Each structure stands twice: as C-alpha cells, then as structure tokens.
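Take a look at the structure below.
So you know, we letter chains A, B, ... as the sequences are listed, proteins then strands, and number each from 1. Source: prediction; values computed, not measured.
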Number of protein chains: 2
Amino acid sequence: MKKVNKSRYAILGMLFDQPLSGYELRKRMLSSTTYFWNETDASVYPMLRILEEEGMVTAKTEFVGKRARKVFTITQAGKDDVTAWLALPAEQEHPRSELLLKLFFGAFVCKEITIKQLEQRLQQCQETQKTFKTIENEIAQAPDTHPQKLFWELSVRRGTIDVEATITWLNECLERLKRNNEKKIQN
Amino acid sequence: MKKVNKSRYAILGMLFDQPLSGYELRKRMLSSTTYFWNETDASVYPMLRILEEEGMVTAKTEFVGKRARKVFTITQAGKDDVTAWLALPAEQEHPRSELLLKLFFGAFVCKEITIKQLEQRLQQCQETQKTFKTIENEIAQAPDTHPQKLFWELSVRRGTIDVEATITWLNECLERLKRNNEKKIQN
DNA sequence: GTCGACATGTAAATAGTTACATGATTCT
DNA sequence: AGAATCATGTAACTATTTACATGTCGAC
C-alpha cells in the first residue's frame, strides 16, 4: 500500500481559512504545530508549486516595494481534498525514540551514562512544560467565539499531559537506577 | 550537521550480548522494541553487510539441513561503537502526529468526524494497554539477577505511562467536543 | 554599513518503505 | 497438498533533510 504524502494536507490545512505565503506558512507552523508537525523550506516551496499545478491552490504575487511574496489561496478542490483526508482514520504511529533505545541498552554501559541521559531529558521536559504554559495563555486570550480555539486548546493539552507523564516516568527511572547497584555487562 | 544512521546502533545493541541471524534479530525487535524502534528486512540485511565490512561484526553461516542462516557476532570494535553512541546525548524528537494534525484542523470538518478519530484511537490505546500488561508479566518472570531486567522494565513502563496519559487526554477531548456545539467553519 | 528578519527556491544526499523474488522446512 | 514460518536478499520509489544560493528591507 502506497503511503500518502501528508505534507500536502498540513499545508492545505494551514491555508484553509486564510491565504498565506510560503514563508508565513512556515512561520505559523513553527509557532503552532511544531511539537507535532513541521515542514522545512525544502518541503514547503516545492509542495506549494505542486498544489498550484493540481489546482488545489491559486498563487498571486504581491509586492512590498521590490520584495515579492507569492500568496497562496486554497480553492474548493483544495478544501475538498483536505476535508476528505481529515475523515480518513489516522494511522497509528510508533515513532522511533532514541532515548528509549538507549535506555533499553542501558545494561551495556555504566549506569551514570544512562542517568545523565535521563537527567538531560528531564531538564528539556521542564523547559517544554514552560513553553506549553505560555502557549496555553496565548490561546486563552483568543475570543471564545473563535471556531478554532477549542481545537488549539485540545492540541496543546496533549502536549501538557504528555510532558507531565514523561516527567513522572523520568523521575521513576532515575529513582530506580540510583537505588540499583547492579554492575554493567562486561565489555 | 550530518545525521547519524541509528539503525546501525539498534542492530549492534541487539547483538551486544548474543550472536543472532538477521531474521532472529528482526523477530526480537518485533517482540521487544516495536513500540519505540523497528527495522525492516530492507534495512537490517544491508546494514548487517555494512557492519561486517566495517569489522563491527563477524558473520558465520550455519546450516540446518539445507537451510542456511548467517549468524552475526559483535566484535570489540562493534561494542566500542555502540557504547560510544550510548553516551552521546539523545536527540530531542518531535515526531509527526497525524492524529494531532487532524485534531488541530478539527474546525474545518463537522465534529462527528473528529470524535470518530478520537474514539478509534481510544480503542487502539486500550488494546495497546493490554499488550503492555502482557509484556510486563513476561519481564517479571525473568530472574532478578538478569542484568537487562531493570532496563526492560523501565522501557515498558514508559509505554504504560504514555498510553495511560493518552487515554486521559482522549477522554477529556471527547467530553469537551461532545459538550461543545459550535458549528464548523464554512467550506 | 551590517545584522537580523523577510522571502524563495534548488541540488544532493540519505533514510526509509514497499514490493518483488526465491527457496527450505515444518506442521496440519 | 497447502499453509505458515524460516531465511535472505534486491529494486524501485518516496520522503525528508542539509546545504547551497540569492536578494530585499528596516533598524541600529
């Protein structure tokens, strides 16, 4: 079974309720969906061109002085395309986790190494937690009538819950590792 | 900055304490690390060959009747290679989540569609939860002296905690969506 | 005048997946 | 006899990332 290219839907979704340039689109993703979806320059610009050729978006070049920006507007065909995809059941993903793999092989190195890995991640998580709080506050400022507000809230909520669970787990790991006195496997 | 190929370390790690054939190696991954790490045939066999050429593993063909299996044993260089990698700080990952993206765009479709997505995921999570319980029981049977036992426990624990947090979040989402009566954005 | 943000793209490489291809052995 | 599992691999494709390349505009 062929995999569908999901970048197209991420882009069409961002354009659904407002026309954007490639640059703006990336900036928005960076400030809203980064934690669960991201595109790079090298994926956004070529995909916008493809979508234009397919008639999913229309392009219009605007000028601010000499600086040109190509603003993309979604078409009805484009809207139909995303909404059809939104109804398709989301694939269950098992993304690779480098940290888990390293922990899984923890018996092959001295435990200080693994402890350090976990402590570093703990710190990162605490940072992320702050970020999510900031984002939550920003969303709270949007008027309750904004049709997307609820969905933004639920999306960040996922991040908050996830990071909390991760912190719980990390602390449990650290406690058990520090308690444990086993030697590492000979190498 | 060039990204390192992590498949090699996953494979070297699996070979660390016992020689395995490519087939066995994949089977082990499938039954132990699937939820956070997986390799396919098309990545395992070529990588084993590369590792052999690099002197990280040695190969020996064994026969069971006419059926040949190539068993790979890790070398000292191979062990040094993995252990060095294990000490490198694990990259923070923001894996793409199709479900999150679909939820984020939830305002563009009628809410029944999003509710269905979440309910499907809830069911999958409940299945996964059972699987983790089974795995936990299996690990519990290993002798406490087994040097890897603690790390196996901590790894599944991550899965358990994660799936519980996800279920909490999904229920919260479903409750709020069902309560909410907003109309979707015109399309 | 130079730094950072605005703005758009291409080229090359790498990683990862799917489909293909083959054949042996064991179990029912 | 046929299915499932054992066993190893390649070819083709698709996706994704990194690095490159270029130029504008506003603020300090």
Side-chain angles (χ1 to χ4, degrees), chain A residues 1-11 14-15 19-31 33-34 36-53 57 59-72 91-98 101, chain B residues 1-11 14-15 19-31 33-34 36-53 57 59-72 91-98 101:
Chain A
M1 213 178 3
K2 224 178 73 179
K3 268 178 71 167
V4 289
N5 185 330
K6 291 167 195 165
S7 292
R8 60 180 297 125
Y9 301 115
I11 292 170
M14 296 302 289
L15 294 174
L20 295 169
S21 67
Y23 186 82
E24 262 183 300
L25 200 151
R26 277 225 330 118
K27 251 203 334 183
R28 299 231 169 184
M29 277 196 177
L30 222 53
S31 69
T33 63
T34 347
F36 58 85
W37 206 277
N38 232 338
E39 301 285 342
T40 57
D41 288 354
S43 65
V44 166
Y45 291 111
M47 182 53 77
L48 280 168
R49 171 160 297 184
I50 291 170
L51 291 171
E52 197 193 339
E53 280 164 14
V57 299
K60 209 186 152 188
T61 305
E62 286 179 3
F63 280 92
V64 181
K66 269 189 197 168
R67 190 154 61 188
R69 26 178 269 138
K70 239 167 118 178
V71 179
F72 296 88
E91 265 177 61
Q92 212 180 351
E93 291 137 281
H94 299 301
R96 287 180 168 188
S97 165
E98 191 182 330
L101 190 66
Chain B
M1 214 177 2
K2 225 179 73 179
K3 267 178 75 166
V4 289
N5 186 330
K6 291 166 194 164
S7 294
R8 59 180 298 123
Y9 302 115
I11 291 170
M14 296 301 291
L15 294 174
L20 294 170
S21 67
Y23 186 83
E24 262 182 301
L25 201 151
R26 276 222 335 115
K27 251 203 335 184
R28 300 232 168 185
M29 278 198 177
L30 222 53
S31 68
T33 63
T34 346
F36 56 88
W37 205 277
N38 231 339
E39 301 284 344
T40 57
D41 288 353
S43 65
V44 166
Y45 292 110
M47 184 51 80
L48 281 168
R49 171 159 297 184
I50 292 169
L51 291 171
E52 197 193 340
E53 280 164 15
V57 300
K60 208 185 151 189
T61 305
E62 287 179 3
F63 280 92
V64 181
K66 270 189 195 167
R67 190 154 62 189
R69 26 178 269 140
K70 240 167 118 178
V71 178
F72 296 88
E91 266 177 59
Q92 210 180 353
E93 291 137 281
H94 299 301
R96 287 180 168 187
S97 166
E98 191 184 330
L101 190 66

Does the B:Thr33 side chain pair with the main chain of B:Phe36, one donor and one acceptor, at a distance under 3.5 Å?
no

Starting at atom CZ of A:Arg8, determine the distance to atom C1' of D:dT16, rounded to an integer number of angstrom.
17 Å

Rounded to the Å, how far apart are A:Lys66 NZ and D:dG26 P?
12 Å

Euclidean distance, atom CZ of residue A:Arg26 to atom P of C:dA7 [Å, nearest integer]
13 Å

Side chain proximity check, B:Val71 to B:Leu20, heavy atoms < 4.5 angstrom
no

Measure from CD on B:Glu39 to P on C:dG16 and round the result to the nearest Å.
7 Å

Per B:Asn5 side chain, nearest of listed nucleotides C:dT10, D:dT16, C:dA15:
C:dA15

Gap between atoms OH and C1', on B:Tyr45 and C:dG16 respectively (whole Å)
17 Å

Using only side-chain N and O atoms of A:Ser7, determine if any of them is under 4.0 Å from OP1 or OP2 of D:dT16.
yes

Could you give the angle between the helix axes at the two ends of the helix from C:dG1-D:dC28 to C:dT28-D:dA1, with five pairs per end, rounded to 10 degrees?
30°

Look at B:Arg67 and D:dC6 and indicate whether a side-chain polar atom (N or O) is within less than 4.0 Å of OP1 or OP2.
no

Between D:dT8 (C1') and B:Phe72 (CZ): distance, integer Å:
9 Å

Just compare C:dT10, D:dT8, C:dT18 and give me whichever is closest to any side-chain atom of B:Tyr23.
D:dT8

Can you tell me if A:Arg28 uses its side chain to pair, donor with acceptor, with the backbone of A:Met14 under 3.5 Å?
no

How would you list, by chain and number, every residue that makes a ring-ring contact (aromatic ring centres under 6.0 Å, His included) with A:Tyr45, sequence neighbours excluded?
none

A:Ser43, nearest nucleotide to its side chain (from C:dG16, D:dA7, D:dT17):
D:dT17

Among the candidates D:dT24, D:dT10, C:dT8, find the nucleotide nearest to the side-chain atoms of B:Pro46.
D:dT10

Do A:Leu25 and A:Glu39 have side chains that get closer than 4.5 Å, going by heavy atoms?
no

Between CG of A:Asp41 and C1' of C:dG9 the distance, given in whole Å, is 8 Å

If only side-chain N and O atoms of A:Lys27 are considered, is one of them under 4.0 Å from the OP1 or OP2 phosphate oxygen of C:dC6?
yes

How many whole angstroms separate atom NZ of B:Lys70 from atom C1' of D:dA7?
12 Å

Quick one: does A:Arg96's side chain have a donor or acceptor within less than 3.5 Å of a partner on B:Asn38's backbone?
yes

Give a yes or no answer on whether the side chain of B:Arg8 reaches the backbone of B:Leu51 with a donor-acceptor pair at less than 3.5 Å.
no

Ignoring the backbone of B:Thr40, work out which of C:dT8, C:dT17, D:dT18 is nearest its side chain.
C:dT17

Just N and O in the side chain of B:Arg69: are any of them under 4.0 Å from OP1 or OP2 of D:dC6?
no

